[in-house]
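Here's the structure we're looking at; comments come further down.
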Amino acid sequence: MSQSYDPAAVESAAQSYWEEQATFSVQEDDTREKFYCLSMFPYPSGHLHMGHVRNYTLGDVISRFKRKRGFNVLQPMGWDAFGLPAENAAIQNKVPPADWTYANIDHMRQQLQGLGLAYDWQRELATCKPDYYRWEQWLFTQMVERGLAYRKTAVVNWDPVDQTVLANEQVVDGRGWRSGALVERREIEQWFIRITDYADELLDGLEQLPGWPDAVKTMQRNWIGRSVGVEVQFTVDAAEQPLTVFTTRPDTLMGVTYLAVAPEHPLVDQAMAQGDEALREFVQSCRSSTVSEAVIEAQEKAGHALGIDAIHPITGERVPVWVANFVLMSYGTGAVMSVPAHDQRDWEFARAYGLPIKPVIDPAQGEADLDAGAITDKGTLIDSGPYTGLTSEAAFERIADALEKDGKGRRRINFRLRDWGVSRQRYWGCPIPVIREADGALTPVPAEDLPVVLPEDLAPDGSGSPLKGHAPFTEVVSPKTGQPAQRETDTFDTFFESSWYYARFCCPGLDTAMLDERANHWLPVDQYIGGVEHATMHLIYSRFFHKVMRDVGLVDSDEPFKRYLPQGMVLAECFYRESADGKKTYFAPDEVEIERDDKGRVIRAVATTDGAPVSVGALEKMSKSKRNGVDPQSAIQQAGADAVRLFMMFAAPPDQTLVWSDAGLEGASRFLGRYWRLVQAVVEGQAPGQGQVAADEARRKLHETIGKVTDDMDRRQSFNTAIAAMMELTNLLYKVDANGEGAAVLREAALALTQMLNPFAPHITHVCWQMLGETTPIEDATWPEADESLLVADSVTLTVQVNGKMRARIEAPADADEAQLQAIALADENVARFVDGKPLRRFIVVPGKLVNIVV
RNA sequence: GGGCCAGUGGCGGAACUGGUAGACGCGCAGCACUCAAAAUGCUGUUCCUUCGGGAGUGUGAGUUCGAUUCUCACCUGGCCCACCA
């Protein structure tokens with residue numbers, strides 16, 4: 001009597017084996033090629049969600065596969081442990097963020113272990129630990145030394161009641177989320193990192209990343225946004241300094257009818273000193289709105305004349321200067337030249353305020369109607385003095401030359417990418433290692449005094465960082481002067497921690513340096529996996545950090561991640577009922593019953609509570625408010641970790657959104673049961689089912705499957721089709737005649753299938769491998785090889801098309817020539833019927849696939 | 001406003017380099033086993049059809065002997081960023 005499949009028992013047996021044997025701890029080994037596989041580490045929010053499960057299963061499947069292919073695989077895991085949610089929880093529960101964070105880490109580590117992930121837990125790290133952040137503090141001081149970090153004022157959201165800086169997400173409808181007070185804009189001095197110094201290298205480096213999806217590289221290119229243009233200087237009577245603007249369209253310079261500057265521009269302060277009340281009010285209203293650019297965008301385009309004129313650098317004409325709420329101080333020079341005839345936004349602004357519109361370009365194509373909007377196409381210059389008649393491209397060069405010759409401008413490359421503001425007025429983050437001397441000078445903390453340890457026992461109450469005024473932290477003696485000084489209370493943006501963790505995993509336990517030679521053994525990461533929402537920010541910051549670490553001499557590679565697999569979101573169906581006023585009430589899936597017709601189509605859904613119908617909603621991101629969240633823990637309890645993993649990999653390609661389905665999970669579970677019974681039958685020397693499939697056909701299918709699964713997993717990373725191929729093989733094995741050669745083929749197939757399924761369902765295969773009598777642990781056994789000699793056939797089945805439509809299938813010798821094929825095809829009864837004696841115009845052969853007869 | 005991606009049966013998806021559209025799974029229907037049910041195994045399942053066949057991959061055009069795949073325009077949905085000059 002064979003045992004039945006009990007996921008819970010199988011999984012705990014396999015997991016305790018891995019723990020006892022330390023199966024997945026790894027050391028540098030020069031005899032084997034290394035493979036570093038990394039999934040983006042989680043923020044310890046308290047519990048694993050399905051997105052994590054998908055991410056980590058993908059990484060685990062790749063890691064286990066590569067190990068079987070002979071690589072020395074490093075797969076670590078850690079915690080992105082600083083951040084705002086810990087502070088919010090702390091305010092709510094009045095406990096220190098550290099306690100909350102560490103408790104969450106303990107719980108989530110257990111959850112991860114329950115998924116059977118092949119991590120080297122000895123390398124675990126948490127970014128909130130001093131032995132980790134100590135080194136980013138050190139790297140920051142190196143950046144200060146190299147001029148890569150500097151101080152600049154930046155605008156923040158200020159809550160005047162709570163006396164604290166707010167994150168954009170803490171501003172709700174322009175008010176502080178806790179106090180409800182109207183949020184103000186405040187300028188404060190902060191640290192910035194000169195990521196723009198590396199803009200060109202970050203852009204060019206994308207060429208060396210063939211393992212990254214084109215879509216992600218395109219997003220990064222657009223994010224970096226290199227644009228070639230000209231900086232133009234307009235003399236201003238009232239100011240000593242000329243007003244500098246950046247433009248990518250110097251060809252339209254002769255069409256400038258006004259200039260616009262940002263509300264924060266210094267020229268605005270100067271104009272306000274003239275005492276224009278209306279102007280003062282306008283600027284005040286701009287400056288008091290939030291910093292959220294999404295909010296600014298929703299505003300009407302508005303502006304006000306400054307009462308100042310500028311002198312056009314070529315014509316010498318006077319043009320008025322305006323302040324406008326859509327000009328950003330943080331991009332370019334904080335001032336723009338306005339050409340309403342050829343820029344849509346300038347056009348709208350000019351229309352609204354009655355400013356002149358002067359066309360200077362005749363578009364190359366199409367009708368142009370300046371009453372309908374701006375003409376933004378390039379073309380031929382008109383009404384442009386000496387430049388009239390030139391093309392836009394030629395005028396660009398001639399005007400740039402003229403400006404450079406007169407010292408009134410210069411060619412310049414501008415980036416959309418801005419320097420990275422890293423100061424945060426937060427408690428639960430890595431302290432910026434800087435001391436403010438009594439005279440206001442800033443001193444980076446010397447290496448021997450690092451780390452600057454964040455006190456972990458403080459509890460924020462919502463009114464600013466508790467570090468402020470916490471004397472044991474702030475009161476220090478300057479290492480430079482020996483005099484009393486104040487410690488900086490700002491902390492780093494948490495992207496700082498996540499920008500280099502991949503490197504630190506290589507050097508566990510190192511306490512004398514940030515990284516050592518082990519980093520160069522493992523880096524770059526061979527395979528990185530994580531949400532596509534990080535396509536720009538995190539993945540640019542990490543690439544930047546890597547280059548800085550290279551320039552400081554810590555690593556010798558240029559890029560951190562060789563191959564990147566962006567994984568899609570996990571969605572679920574949601575059910576709701578809409579009331580008369582449009583408010584939706586959501587129902588959890590277990591509160592809903594679905595009725596179908598006899599073809600399986602959904603007719604309607606009703607709530608089990610009252611039997612009344614509910615709407616079947618769209619697919620939505622899992623969330624509490626939509627009541628469509630599925631807890632991984634309960635899914636594991638219901639079907640086992642192997643089934644959850646298998647379903648996740650089977651239901652969709654890795655980079656596309658995945659729709660959670662309880663029925664689909666059952667399907668995965670059913671397949672595992674089918675596989676289990678197949679193994680039981682083989683162990684007992686019986687056939688798993690009934691049928692007459694011959695041994696050689698089964699063996700051929702087996703080796704075809706090995707070939708397909710190997711290619712799907714390695715080159716294509718198409719895990720759903722790899723699983724489909726294994727299911728197909730299993731279906732066939734159930735029909736194999738176990739007499740004679742059949743028994744041997746079944747055993748060969750069961751072993752190979754167990755190997756191929758192992759990365760997806762590591763527990764059940766671990767146990768089945770032992771049942772099949774194998775003594776080498778499956779984790780160390782090598783991946784099966786397809787026997788190519790079994791795959792060549794001497795006859796092939798070809799499709800016959802007549803005028804591109806499929807009409808018949810023929811058997812032909814594999815080496816048949818065109819004339820032979822034509823004869824065989826025309827001999828077919830159905831083909832003959834459609835050819836119907838008409839003259840043959842063409843005969844097309846696609847070797848091994850089809851022939852097409854054109855009549 | 002910009003960028004990126006995706007639209008294929010009742011559903012998730014497959015078709016890799018332009019070559020048999022719908023693999024595999026779910027759902028549904030039927031059969032076997034059973035006193036019965038569950039479980040399991042097997043069979044069928046794009047739509048229409050006068051049973052010859054016809055239509056069909058968001059819509060409309062184009063290239064081609066042949067288009068889910070390439071080109072153009074449009075529609076719909078999702079994600080990221082956003083007044084980026």
Side-chain angles (χ1 to χ4, degrees), chain A residues 4 213-216 218-219 221-223 225 227 229 245-249 260 292-294 296-299 301 324-328 330-333 335-339 343-346 414-418 531-537 568-569 571 573 594 596-603 618-619 621 647 650-653 655-668 670-671 673-674 677 688-691 711-712 715-716 718 720-721 723-728 731 734-735 797-801 803-806 809 833 841-844 846 849-855:
Chain A
S4 64
D214 288 333
V216 173
T218 306
M219 273 192 246
R221 270 184 209 108
N222 293 333
W223 180 269
S227 58
V245 304
F246 174 77
T247 180
T248 54
R249 291 294 301 275
S292 161
E293 283 164 340
I296 296 170
E297 187 248 337
Q299 293 171 352
K301 288 177 182 37
N325 64 354
F326 59 81
V327 180
L328 295 181
S330 48
Y331 182 79
T333 58
V336 298
M337 64 178 216
S338 296
V339 187
D343 180 281
Q344 185 59 25
R345 202 183 42 211
D346 295 346
N414 225 15
F415 292 96
R416 210 199 70 117
L417 181 76
R418 299 177 223 176
V532 71
E533 67 272 20
H534 293 113
T536 46
M537 309 183 42
M569 293 187 307
L571 307 182
E573 204 168 39
I594 292 173
R596 296 171 186 274
D597 67 10
D598 61 3
K599 289 196 170 174
R601 282 183 277 241
V602 174
I603 305 169
L619 302 169
K621 206 167 175 173
F647 166 72
F650 177 61
D655 56 343
Q656 272 167 44
T657 54
L658 177 149
V659 181
W660 179 265
S661 144
D662 284 326
L665 177 64
E666 268 175 56
R670 211 173 291 167
F671 172 69
R674 212 164 143 76
R677 285 186 295 277
Q690 283 138 36
D711 186 48
D712 277 357
R715 177 181 63 90
R716 297 184 65 207
S718 171
N720 52 331
T721 54
I723 294 168
M726 288 188 263
M727 288 174 166
E728 228 177 299
N731 289 345
Y734 264 73
K735 299 189 180 72
T797 309
L798 295 179
T799 295
V800 184
Q801 293 182 334
N803 289 340
K805 284 211 174 287
M806 207 270 270
R809 228 172 270 192
R833 195 154 57 85
R841 290 192 23 219
R842 275 181 82 174
F843 188 77
I844 294 148
V846 182
K849 294 222 160 138
L850 59 68
V851 296
N852 189 11
I853 300 164
V854 186
V855 294

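Numbered from 1 within each chain, the chains take letters A, B, ... in sequence-line order.
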**Request:** For B/A82 and B/U45, measure between their C1' atoms and round to the nearest Å.
**Result:** 48 Å
**Message:** Counting the atoms with a prime plus P, OP1 and OP2 as sugar-phosphate, which does A/T247 contact under 4.0 Å by heavy atoms, base, sugar-phosphate, or nothing?
**Reply:** sugar-phosphate
**Request:** Measure the distance from CG on A/D662 to P on B/C26 and round it to the nearest whole Å.
**Result:** 14 Å
**Request:** Mind calculating the distance between CZ (A/F647) and P (B/G25) to the nearest angstrom?
**Result:** 15 Å
**Request:** Quick one: list whatever passes salt bridge (Lys or Arg N to Asp or Glu O under 4.0 Å) with A/R249, sequence neighbours left out.
**Result:** A/D251
**Message:** Please report the distance separating the C1' of B/U64 from the corresponding atom of B/U71, rounded so that it comes out in whole Å.
**Reply:** 12 Å
**Fill in**
In this structure, CZ of A/R809 is separated from CG of A/L798 (nearest 0.5 Å) by 11.0 Å
**Residue-phosphate contact under 4.0 Å: A/R670 side-chain N/O, B/C26 OP1/OP2** = yes
**Request:** Scan A/A215 against the nucleic acid and name what it touches under 4.0 Å (heavy atoms): base, sugar-phosphate only, or nothing.
**Result:** sugar-phosphate
**Request:** Represent RNA chain B in dot-bracket notation, 5' to 3'. Only Watson-Crick or G-U wobble pairs with both distances under 3.5 Å count; pseudoknot-style crossings use [ ] and interstrand partners use |.
**Result:** (((((((..(((......[....)))((((((.......))))))(((....)))..(((((..]....))))))))))))....
**Asked** From A/N731 CG over to A/R674 CZ, what is the distance, rounded to the nearest 0.5 angstrom?
**Response** 4.5 Å
**P atoms of B/C70 and B/G7, separation to the nearest Å** = 11 Å
**Request:** Look at all strands and tell whether A/T657 reaches a base, only sugar-phosphate, or nothing, counting heavy atoms closer than 4.0 Å.
**Result:** sugar-phosphate
**Prompt:** Quick one: A/W660 CH2 to B/G12 P, roughly how many Å, whole number?
**Reply:** 17 Å
**Asked** For atom P, what is the distance between B/G27 and B/C16, given to the nearest Å?
**Response** 28 Å
**Message:** Holding to salt bridge (Lys or Arg N to Asp or Glu O under 4.0 Å), I want the full list of residues that pass it with A/D712, two or more places apart in sequence or in another chain.
**Reply:** A/K708, A/R716
**Complete:** Nucleotide by nucleotide, nucleotides 42-48 of chain B touches protein heavy atoms under 4.0 Å in the pattern (B base, S sugar-phosphate only, - none) SS-----
**Message:** A quick test of your reading: do over 12 heavy atoms of other residues, nucleotides or ligands sit less than 6.0 Å from CD of A/Q690?
**Reply:** no
**Item:** C1' atoms of B/A6 and B/G44, separation to the nearest Å
**Value:** 32 Å
**Message:** Applying side-chain contact (heavy atoms from CB on, under 4.5 Å), can you list everything that pairs with A/R715, at least two apart in sequence or on another chain?
**Reply:** A/D711
**Request:** For A/A652, enumerate each residue passing the side-chain contact (heavy atoms from CB on, under 4.5 Å) test, keeping only those at least two apart in sequence or located in another chain.
**Result:** A/R54, A/L658
**Message:** Students often get this wrong, so: under 4.0 angstrom with heavy atoms, is A/M337 touching a base, only sugar-phosphate, or nothing?
**Reply:** nothing
**Request:** Mind calculating the distance between CZ (A/R416) and P (B/G3) to the nearest angstrom?
**Result:** 11 Å
Could you write out each protein N or O paired with an N or O of nucleotides 49-52 of chain B at a distance under 3.5 Å?
none

Restricting to nitrogen or oxygen on both sides, can you table the protein-nucleotides 20-23 of chain B pairs closer than 3.5 Å?
| unit_1 | atom_1 | unit_2 | atom_2 | d |
| --- | --- | --- | --- | --- |
| B/U20 | O4' | A/T799 | OG1 | 3.4 |
| B/U20 | N1 | A/T799 | OG1 | 3.4 |
| B/U20 | O2 | A/R809 | NH2 | 2.8 |
| B/A23 | O2' | A/E728 | OE1 | 3.0 |

**Request:** Using whole Å, report how far CG of A/L417 lies from P of B/C81.
**Result:** 15 Å
**Prompt:** Could you state the CD1-P distance from A/I723 to B/G12, rounded to the nearest angstrom?
**Reply:** 18 Å
**Fill in**
Rounding to 0.5 Å, atoms CD1 (A/I723) and CZ (A/F650) come to a distance of 7.0 Å
**Request:** Using the closest heavy atom to pick a nucleotide of RNA chain B for each, name whichever of A/T218 or A/V532 lands nearer the 5' end.
**Result:** A/T218
**Prompt:** For the base of B/A85, is there a side-chain donor-acceptor partner from A/R345 under 3.5 Å away?
**Reply:** yes
**Message:** If the condition is salt bridge (Lys or Arg N to Asp or Glu O under 4.0 Å), which residues does A/R416 pass it with, not counting sequence neighbours?
**Reply:** none
**Prompt:** When we call it a touch if two heavy atoms are under 4.0 Å apart, what does A/G689 touch: a base, just sugar-phosphate, or nothing?
**Reply:** nothing
**Prompt:** Could you walk me through whether A/V532 and A/M569 pass the side chain to side chain contact (heavy atoms under 4.5 Å, CB included) check?
**Reply:** CA-CA 9 Å; A/V532 71; A/M569 293 187 307; over 6 Å; no
**Item:** B/C81 base / A/N222 side chain donor-acceptor hit below 3.5 Å
**Value:** no
**Separation of the C1' atoms in B/C75 and B/A61, to the nearest angstrom** = 15 Å
**Asked** Hey, what do you get for CG (A/L571) to OG (A/S661), rounding to the nearest 0.5 Å?
**Response** 12.5 Å
**Request:** Return yes if the base of B/C65 and the side-chain atoms of A/R841 contain a donor-acceptor N/O pair under 3.5 Å, otherwise no.
**Result:** no
**Request:** Return yes if some donor-acceptor pair links the side-chain N/O of A/D346 with the main-chain N/O of A/V339 below 3.5 Å, else return no.
**Result:** yes
**Item:** Length of the line joining A/I844:CD1 and B/G66:P, which is rounded to integer Å
**Value:** 8 Å
**Message:** Is A/R716 close enough to B/A15 that one of its side-chain N or O atoms is under 4.0 Å from OP1 or OP2 there?
**Reply:** yes
**Asked** Taking the P atom of each, how far is B/A15 from B/G22, in whole Å?
**Response** 13 Å
**Item:** A/M537 or A/S661, whichever maps to the more 5' nucleotide of RNA chain B
**Value:** A/S661
**Asked** With syn defined as a glycosidic torsion within 90 degrees of 0 and anti otherwise, which applies to B/G52?
**Response** syn
**Item:** Pairing residues for A/R221 by the side-chain contact (heavy atoms from CB on, under 4.5 Å) criterion, not counting sequence neighbours
**Value:** A/L203, A/L206, A/E207, A/K217, A/T218
**Prompt:** For B/G3, does either OP1 or OP2 sit under 4.0 Å from a side-chain N or O belonging to A/R221?
**Reply:** no
**Item:** Least distance between heavy atoms, A/G804 atom then A/N852 atom
**Value:** N-OD1, 3.1 Å
**Message:** Rounded to whole Å, how long is the line connecting atom CZ of A/F415 with atom C1' of B/A82?
**Reply:** 20 Å
**Prompt:** Who are the ring-ring contact (aromatic ring centres under 6.0 Å, His included) partners of A/F647, not counting sequence neighbours?
**Reply:** A/W660
**Message:** Let me confirm one number: the CE-OG1 distance from A/M727 to A/T721, rounded to the nearest 0.5 Å.
**Reply:** 12.0 Å
**Message:** Can you list everything that forms a side-chain contact (heavy atoms from CB on, under 4.5 Å) with A/A335? Sequence neighbours excluded, please.
**Reply:** A/L243, A/V245, A/V261, A/H265, A/T333
**Asked** Quantified in whole Å, what is the C1' atom distance between nucleotide B/G53 and nucleotide B/U43?
**Response** 26 Å
**Request:** If the glycosidic angle is within 90 degrees of 0 it's syn, otherwise anti, so just tell me which one B/G9 is.
**Result:** syn
